[in-house]
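In what follows, a structure is listed as structure tokens, so that the remarks can point back to it.
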Amino acid sequence: MSRSRRLVHAAVGGVVALSCTVLTAPAQAAPEADEPVGTVRLVTEKRVTVDYPWAGASGFQYRPGTTSVTTVDYPDAVPPAHAGPDDLASGTDVLNTRDGQTVTQRHRSTGVTATVTIPSGQAYRAAAGWSVLTMDGTGALHVLRTVEGTLTADTPVTGFPAGARPVLYRTGGSVSRLAIVYVLDGRTSVGLVDLADGAFRTYVTSDEATPQLAFNDRWLVADWKAVRVDAEPGTEPTALPRTVAQPEAVVGDQLLLGNPTFVQGGTEAALTARSLVTGATSTVLTSSFGGIDPTLDGGALATAGPSSLDWNIHRITLTDSGGLTTTKVARVPAAATGVQALAVAGGELFLYGATPGGSLRFSGFQLDADGRPTGAQTPRSPALSASTCLTGDAACPQLEALGDGRVAHLWTDAAGRESVLAVGLDTTTVVSGPTDGDSGGRIAGSTGRYLLYNGGSGTQRVVDLPRAAASGATTLTRDRTAAAVWGQTLWTPGGTQGSVTGRNLKTGTTTTIATGAPCTPTDIQAVNAWLYWSCGSTAGVYDRATNRKITVPADNGPARLADGFLLRENRTTHELLLTDFHTGTATTRTLVKLPATDQNTGGSNGRWSVDRFGGHIAYLNGTYGEVSIVRGGVPTSPLAQMEAQVYSPSVLGKSFPWSPVWQLNKPSTWTLTLANASGTVVRTLTGASTGAAVRPAWDGITDNGGGATGGTYTWKLTAHPRDDQGPDLTLSGTMTLG
């Protein structure tokens, strides 16, 4: 069977949904769509290489990749005062702009300008500070500067070897000199033009056609040879140890080495410095590559950071003692990348896309109680290989946020065999749940440790992904029917028409509810006390807390149950419709109109997703890499425990702490106390939930710094709802150490 992976600007993903017809109780007219409370952009973690069109004493210009030029001023910089073209040192703050045969020079800090007119018969070659280098029709070089701001003074370059062919002009950390690489009699040499008087001097003859070079007013380094600029003519350059790193700039007496041609696996490229006087080496910036250049005032600029999420330009300057110091001077924006799937749960937005570069990764965005993004994009999984998708399967990859800080997705190998993978608690762990080689399946829902998998073979599995497990396990196998899992309860059609049976996955006990459905439901969903059922042409919600039976629309699909409301997408009008039923009466409004163009089937974890553990909605807004968030606006249920994994440890320590998990139904802040057998509280822990799960860790150290002894401890957990809706939740119990 032919299989392919389709990468599109819109996300791909979704859930299987039934086609619906109009319900006899029509939905209410929809008001204006809601405004987003926030928007995030999925960006690649691959660090962007920048170049610097100009770098001077008061600031610099940089261009990441192929984007436009950005100008940055150094903080607290004191640039040289304008002194005119006769004072070359003041040119460290001069920006040259060429238009044909005219070069406009502007002293940035004062705004004073000068104009260099290139004479007929001469061609522009380079510019540094107040000086412009040209070549005439005979091959002779000239240094041009202005006199009184408008008249052009022409100084011929002397000492350049007759018959030499320039192949490269290079500016460096100086406004007094300019480097020329030339070829003469088949040999390549490097020299400097003194821009004050036009004198040229050759310093290094190279064995390479394009030697690496760097220079300032003190040193010239070329072809791994260094020589003082003021050395006596004929002085032999000193050979330097060759490295895989390249000479990038000279700052004072320090040669900056970066952009290595080879980096050992598991390590990062670094920018280092080698003293041209003593040979001593040091690390200037770790995780630095690309975008390393000298500045006209004798310093340098370099990019560095752990990833594009924290990728900065650093200014490198000389200290009074001759050492180097670095200062962050600009944040380099990361480039957007396509969103291939999204999910939101417990105040966390998960986006799936090619963020590490060629590989795929889940990235997370924290949301506050109102749904607004509160922090930067964070990696939430290791780099992942792409799932093989069935040809034409626009709902791939399948994924589901578990509400405990993790997200699960359906991964398919080249033979079509599927596995359920869970990630999210760190950037290294992948927990795999078996499907016994099934294929063509769907994730039908999940909460916390339990995930429901509908196999294409007709088999339905409840996959258990418990705390600290290295791999998941199938805890229940049955014939595939409509089903839902919430907490530790599996909901399936009962033995009579309209009934739904809940089975406790830990104890095996069951309870049956008469929902009032006029059929055996073909779709069941569960959130808190709400049970949603659908028969295709009719649908309803049963409130287990009050035994209310509420009719909801069934005219559009797909549908997704949330806490107190139902979210549906009209695939004809592209409207996302919210039906609020928390009062017992269903009212519907248009939440947002989605982009008309997409390449997926829609539905939760396709181009929109709803947080069942809080109520926020995220959707692709049509801009490449962007996702917007809107509030559901429906009151949430009181804080409640859905499931817990509390155990008694045999030993405690920093490497093996006690790590229980309380799965709650929405995010919280919490306090956990542990009391010894005499009732004395020995340890108090506080924190915020991971998603909607409380995940403390106690290493056995008491509040007074001592160690816990064996015996029984009473724990008490007090959780406060982060949205401030409803009372605090208090739970208690015991655990035995040893």
Side-chain angles (χ1 to χ4, degrees), residues 45-52 55 60 62 64 74 170-174 179 190 203-204 206 208 210-229 237-332:
E45 297 165 38
K46 189 175 180 179
R47 290 163 285 197
V48 179
T49 298
V50 306
D51 63 76
Y52 305 97
F60 63 97
Y62 77 94
Y74 297 131
R170 176 70 61 82
T171 57
S174 170
V190 182
Y203 287 90
V204 175
S206 173
E208 298 182 6
T210 55
Q212 297 284 334
L213 69 93
F215 69 94
N216 63 0
D217 284 328
R218 299 187 194 184
W219 295 90
L220 170 68
V221 176
D223 193 22
W224 295 100
K225 300 168 187 175
V227 60
R228 285 281 306 197
V229 170
T238 301
L240 301 174
R242 289 179 179 264
T243 69
V244 294
Q246 309 302 310
E248 298 291 346
V250 183
V251 179
D253 295 322
Q254 305 283 331
L255 173 63
L256 298 183
L257 298 166
N259 292 323
T261 56
F262 172 78
V263 178
Q264 188 72 32
T267 63
E268 289 279 0
L271 180 65
T272 62
R274 176 185 294 275
S275 171
L276 295 173
V277 177
T278 67
T281 61
S282 61
T283 298
V284 181
L285 291 168
T286 58
S287 302
S288 175
F289 69 90
I292 305 170
D293 257 359
T295 59
L296 292 172
D297 61 352
L301 296 171
T303 47
S307 76
S308 75
L309 305 182
D310 189 18
W311 193 231
N312 297 277
I313 297 173
H314 298 249
R315 186 187 188 192
I316 304 167
T317 54
L318 200 63
T319 65
D320 293 338
S321 62
L324 300 178
T325 184
T326 65
T327 305
K328 288 182 183 180
V329 290
R331 170 78 172 85
V332 182

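Positions are given from 1 along the sequence. None of these values were measured; they are calculated from a predicted model.
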Practice task
Could you tell me the separation between the CG atom of Asp297 and the CG atom of Leu318, rounded to the nearest 0.5 Å?
Solution key: 10.5 Å
Exercise for the section: Return the orientation label for the Trp311 and Phe289 ring planes: parallel under 30°, perpendicular over 60°, tilted otherwise. Expected result: tilted
Handout entry: Ion pair Arg47/Asp310, N-O distance below 4.0 Å
Key = no
Exercise for the section: With rounding to the nearest 0.5 Å, note down the distance linking CG in Leu271 to NE2 in His314. Expected result: 10.0 Å
Handout entry: Arg331 side chain to Leu309 backbone, donor-acceptor under 3.5 Å
Key = yes
Exercise for the section: Begin with the C-alpha distance, continue with both residues' side-chain angles, and end with the deciding distance and a verdict on side-chain contact (heavy atoms from CB on, under 4.5 Å) for Thr317 and Thr327. Expected result: CA-CA 9 Å; Thr317 54; Thr327 305; 5.6 Å; no
Practice task
Look only at the side chain of Tyr52 and the backbone of Gly291, and say whether a donor-acceptor pair between them is shorter than 3.5 Å.
Solution key: yes
Problem - Side-chain heavy-atom pair Ile313, Val332 within 4.5 angstrom cut-off - result: yes
Completion exercise
Shortest non-hydrogen pair, Trp224 vs Pro247, comes out as CZ2-CD, 3.7 Å
Handout entry: Flag side-chain contact, heavy atom, 4.5 Å: Pro294 against Phe215
Key = no
Exercise for the section: Grab the two heavy atoms, one from Lys225 and one from Pro237, that are nearest each other, plus how far apart they are. Expected result: CB-CB, 3.8 Å
Practice task
Would you mind reporting whether Thr325 and Thr319 have side-chain heavy atoms less than 4.5 Å apart?
Solution key: yes
Practice task
Could you check if a side-chain atom of Phe60 sits within less than 4.5 angstrom of a side-chain atom of Thr295, using non-hydrogen atoms only?
Solution key: no
Fill in the blank from the handout: Between the CG atom in Leu301 and the CG atom in Asp293, the distance rounded to the nearest 0.5 Å is 7.5 Å
Handout entry: Intermediate values then yes/no, side-chain contact (heavy atoms from CB on, under 4.5 Å), Thr272 and Thr281
Key = CA-CA 7 Å; Thr272 62; Thr281 61; 5.8 Å; no
Handout entry: Nearest-0.5 Å distance that lies between atom CG in Leu257 and atom OG1 in Thr243
Key = 5.0 Å
Exercise for the section: Return the minimal non-hydrogen interatomic distance between Leu240 and Ala226, and the atom names on each side. Expected result: CD1-CB, 4.0 Å
Exercise for the section: State whether a side-chain donor-acceptor pair under 3.5 Å links Ser275 with Asp253. Expected result: no
Practice task
Evaluate the side-chain contact (heavy atoms from CB on, under 4.5 Å) criterion for residues Leu213 and Val204: first the C-alpha distance (whole Å), next the side-chain angles of each, then the deciding distance (0.1 Å), finally the verdict.
Solution key: CA-CA 10 Å; Leu213 69 93; Val204 175; over 6 Å; no
Handout entry: Heavy-atom donor-acceptor pair, Asn216 side chain to Ala249 backbone, under 3.5 Å
Key = no
Handout entry: Nearest heavy-atom neighbours spanning Gln254 and Gly322
Key = NE2-O, 3.9 Å
Fill in the blank from the handout: Output for pair (Gln212 CD, Ser206 OG), nearest 0.5 Å, gives 10.0 Å
Fill in the blank from the handout: To the nearest 0.5 Å, atom OG of Ser282 lies from atom CZ of Arg274 at 10.5 Å
Problem - Derivation and outcome, side-chain contact (heavy atoms from CB on, under 4.5 Å), residues Val221 and Leu276 - result: CA-CA 10 Å; Val221 176; Leu276 295 173; 4.0 Å; yes
Problem - Test item: Val190 and Pro211 side chains (from C-beta on) under 4.5 Å apart, heavy atoms - result: yes
Handout entry: Thr49 side chain to Gly290 backbone, donor-acceptor under 3.5 Å
Key = no
Exercise for the section: For residues Thr286 and Glu268, determine if any side-chain heavy atom of one lies less than 4.5 Å from a side-chain heavy atom of the other. Expected result: no
Problem - Close side-chain approach of Arg242 and Asp223, heavy atoms under 4.5 Å - result: yes
Practice task
Ignoring hydrogens and angles, tell me if any N or O in the side chain of Tyr74 forms a donor-acceptor pair with the backbone of Val329 under 3.5 Å.
Solution key: no
